[in-house]
S.K.: 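After the structure tokens below, expect a handful of questions from me.
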Amino acid sequence: MKFGILKTKIENVLLESYKDGSFKNELKTFKKLVLENKNINRLYYIYDDLSSNKGLNNEVANDYINEMVTLYENTFNKVIPTDFKKIKDWVNNSSVSKNNYEVIDNLLSSGVLNLESKIKSKKVITETITKQPVIEKDVVKVPLSTMVNMANKTITNYINGLNESEKKEFNELLSVDDSELEPKYSTIKESVVEKLQTMYNQNHDLPTRKSITETVEKISIEKYDKLNYYKLKNLHDNL
């Protein structure tokens, strides 16, 4: 498994755990398997760095990428295979449809026949790290310093996956007081559950019924926060 896929799965596990209330437990595992493992931690840092806006000029960016490639190769060769296996076992149940770091995986691939893909990926990464950093509003704040700085990137990645209209809508939501949104959240949740139950009764396809049941169970245990409110409202509007 390419490290980009593994990192995507890690982020997904942390995001899901934040929503279902198991964030602290998963964070402990994250600390043990990633942060406290010097080589895994360094790989994680390399992928974060190559996917972040840094405001570098093109000449510096080229040298920077080359240095990161060398650092990756030297680090990857030091990782004990069982350390990768422990992480794979941890995120095994995380199903992701998209590799958030495919471009970086392509650049760092050891395949000689993928030269064209490497060149294209390097160009994309260069465009990223030469962009000026964007100061974004904090979506989640948890007082756990270094661990949370990395884990919070998971939430940021969700926001970055939204289109411009959705980002604008979410940013507007951030300015609304919780006392106004939380009662609405409960009402929307009840409405969504009712709609899903109606769909369940009208649909006799077993896989679909199973999916609906799992969604209802997940929604039922989720607690209010602005991210959950936003996602639930979108689900409600699309049912």
S.K.: I'd like to check Lys88 versus Leu6 (side-chain heavy atoms, cut-off strictly below 4.5 Å). Are they in contact?
M.R.: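 Of all side-chain heavy-atom pairs linking Leu6 with Lys88, at least one is under 4.5 Å.
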S.K.: How far does CG of Asn93 sit from NZ of Lys9, to the nearest 0.5 angstrom?
M.R.: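 One finds 9.0 Å between CG of Asn93 and NZ of Lys9.
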S.K.: If I take atom CD1 from residue Ile104 and atom CE from residue Met68, how far apart are they, to the nearest 0.5 angstrom?
M.R.: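 Reported value, rounded in 0.5 Å steps: 10.0 Å.
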S.K.: With a 6.0 Å cut-off on ring centres, are Phe84 and Phe76 close enough?
M.R.: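 Ring centroids of Phe84 and Phe76 are less than 6.0 Å from each other.
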S.K.: For His236 versus Ser191, what's the shortest heavy-atom pair and its separation?
M.R.: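 Minimum heavy-atom separation between His236 and Ser191: NE2-OG, 3.0 Å.
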S.K.: Do Lys98 and Thr8 have side chains that get closer than 4.5 Å, going by heavy atoms?
M.R.: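 No, too far: nothing below the 4.5 Å cut-off.
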S.K.: Any luck finding a side-chain donor-acceptor pair between Asn12 and Ser94 under 3.5 Å?
M.R.: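 Looking only at side-chain atoms, Ser94 and Asn12 do form a donor-acceptor pair, the distance falling under 3.5 Å.
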S.K.: Got more than 12 heavy atoms from elsewhere within 6.0 Å of CD, Glu222?
M.R.: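 Yes.
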S.K.: Using the side chain to side chain contact (heavy atoms under 4.5 Å, CB included) rule, take Glu182 and Lys226 through it: C-alpha gap first, then chi angles, then the decisive distance, then the call.
M.R.: CA-CA 9 Å; Glu182 192 163 1; Lys226 286 179 177 175; over 6 Å; no
S.K.: Can a side-chain donor-acceptor contact be found between Asp178 and Tyr224 if the only test is distance below 3.5 angstrom?
M.R.: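 Yes - a donor-acceptor pair under 3.5 Å links their side chains.
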S.K.: Could you check whether any side-chain heavy atom of Asn53 comes within less than 4.5 Å of a side-chain heavy atom of Gln132, counting everything from C-beta outward?
M.R.: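 Side chain of Asn53 against side chain of Gln132, heavy atoms only: no contact under 4.5 Å found.
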S.K.: Using 0.5 Å steps for rounding, measure from the CG atom of Asn92 to the CD1 atom of Ile87.
M.R.: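 It comes to 13.5 Å.
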S.K.: Heavy atoms, side chains only, cut-off 4.5 Å: are Leu50 and Thr128 in contact?
M.R.: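 Leu50 vs Thr128: side chains apart.
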S.K.: Minimum heavy-atom separation for Pro133 to Gly55, with atom names?
M.R.: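 Heavy atoms only, the tightest pair is CD-N, 4.0 Å.
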S.K.: If you take all heavy atoms of Leu35 and Asn41, which pair is closest and at what distance?
M.R.: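 Nearest heavy atoms, Leu35 then Asn41: O-ND2, 3.1 Å.
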S.K.: Take Ile65 and Leu107 through the side chain to side chain contact (heavy atoms under 4.5 Å, CB included) test and state the conclusion after the steps.
M.R.: CA-CA 10 Å; Ile65 291 173; Leu107 174 70; 3.8 Å; yes
S.K.: Which residue pairs pass the salt bridge (Lys or Arg N to Asp or Glu O under 4.0 Å) test when at least one of the two sits in residues 50-71, sequence neighbours left out?
M.R.: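 The answer is Asp49-Lys54.
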S.K.: As an exercise, state the distance from CZ of Arg42 to CD1 of Ile40, rounded to the nearest 0.5 Å.
M.R.: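 The CD1 atom of Ile40 is 11.5 Å from CZ of Arg42, to the nearest 0.5 Å.
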S.K.: Just verifying a value: how many Å separate Tyr230 OH and Glu172 CD, rounded to the nearest 0.5 Å?
M.R.: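 The CD atom of Glu172 is 10.5 Å from OH of Tyr230, to the nearest 0.5 Å.
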S.K.: Can you confirm whether Val13 sits close enough to Phe30 that some side-chain heavy atom of one is under 4.5 Å from a side-chain heavy atom of the other?
M.R.: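 Sidechains of Phe30 and Val13: no contact.
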S.K.: Report the C-alpha distance between Asn62 and Thr126 in whole Å, list the side-chain angles of each, state the deciding distance to 0.1 Å, and finish with yes or no for side chain to side chain contact (heavy atoms under 4.5 Å, CB included).
M.R.: CA-CA 7 Å; Asn62 183 64; Thr126 299; 5.9 Å; no
S.K.: Between the side chains of Glu11 and Tyr101, does any donor sit under 3.5 Å from an acceptor?
M.R.: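 A donor-acceptor contact under 3.5 Å links the two side chains.
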S.K.: Applying side-chain hydrogen bond (donor to acceptor under 3.5 Å, both in side chains) as the test, list every pair that has at least one member in residues 76-86; sequence neighbours left out.
M.R.: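 For residues 76-86: Asn37-Asp83, Lys85-Asp89.
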S.K.: Rounded to the nearest 0.5 Å, how far does CG of Leu115 lie from OG of Ser109?
M.R.: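 Between atom OG of Ser109 and atom CG of Leu115 there are 11.0 Å.
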S.K.: Thr75 and Asn39: which non-hydrogen atoms are nearest, and at how many Å?
M.R.: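 So the two residues come closest at CG2-O, 3.3 Å.
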S.K.: Would you call Glu116 and Lys120 a salt bridge, using N to O less than 4.0 angstrom?
M.R.: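 Looking at Glu116 and Lys120, the cut-off is met.
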S.K.: Take atom NZ in Lys195; do more than 12 heavy atoms of anything else shown fall under 6.0 Å from it?
M.R.: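 Yes, because the 6.0 Å sphere around NZ of Lys195 holds more than 12 heavy atoms from other groups.
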S.K.: Would Thr130 and Asn57 count as a side chain to side chain contact (heavy atoms under 4.5 Å, CB included) here? Give the steps.
M.R.: CA-CA 6 Å; Thr130 53; Asn57 64 49; over 6 Å; no
S.K.: Is there side-chain contact between Ile219 and Leu235, with heavy atoms separated by less than 4.5 Å?
M.R.: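 In short, these two side chains touch, coming nearer than 4.5 Å.
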S.K.: Going by an N to O cut-off under 4.0 Å, is there a salt bridge joining Lys122 and Glu127?
M.R.: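 Looking at Glu127 together with Lys122, the answer is no, because their closest N to O distance does not fall below 4.0 Å.
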S.K.: Is there a side-chain contact between Glu190 and Tyr185, using heavy atoms and a 4.5 Å cut-off?
M.R.: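 Counting from C-beta outward, Glu190 and Tyr185 never come under 4.5 Å.
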S.K.: Measuring only between side-chain heavy atoms, which start at C-beta, is Lys233 closer than 4.5 Å to Glu169?
M.R.: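 The answer is yes, as the side chains (C-beta and beyond) meet within the 4.5 Å cut-off.
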S.K.: Find out if a path of hydrophobic residues (ILVMFWY) with successive side-chain heavy-atom gaps under 4.5 Å connects Leu43 to Ile80.
M.R.: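 No: no chain of side-chain contacts under 4.5 Å links Leu43 to Ile80.
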S.K.: Do Lys7 and Tyr44 meet the cation-pi criteria used here (NZ or CZ under 6.0 Å from the six-membered ring centre, within 45° of the axis)?
M.R.: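 Judged by the rule, Lys7 and Tyr44 form a cation-pi pair.
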S.K.: What closest approach, in Å, do Ser121 and Asn106 show between heavy atoms, and which atom pair accounts for it?
M.R.: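 The pair with the smallest heavy-atom distance is OG-CB, 3.1 Å.
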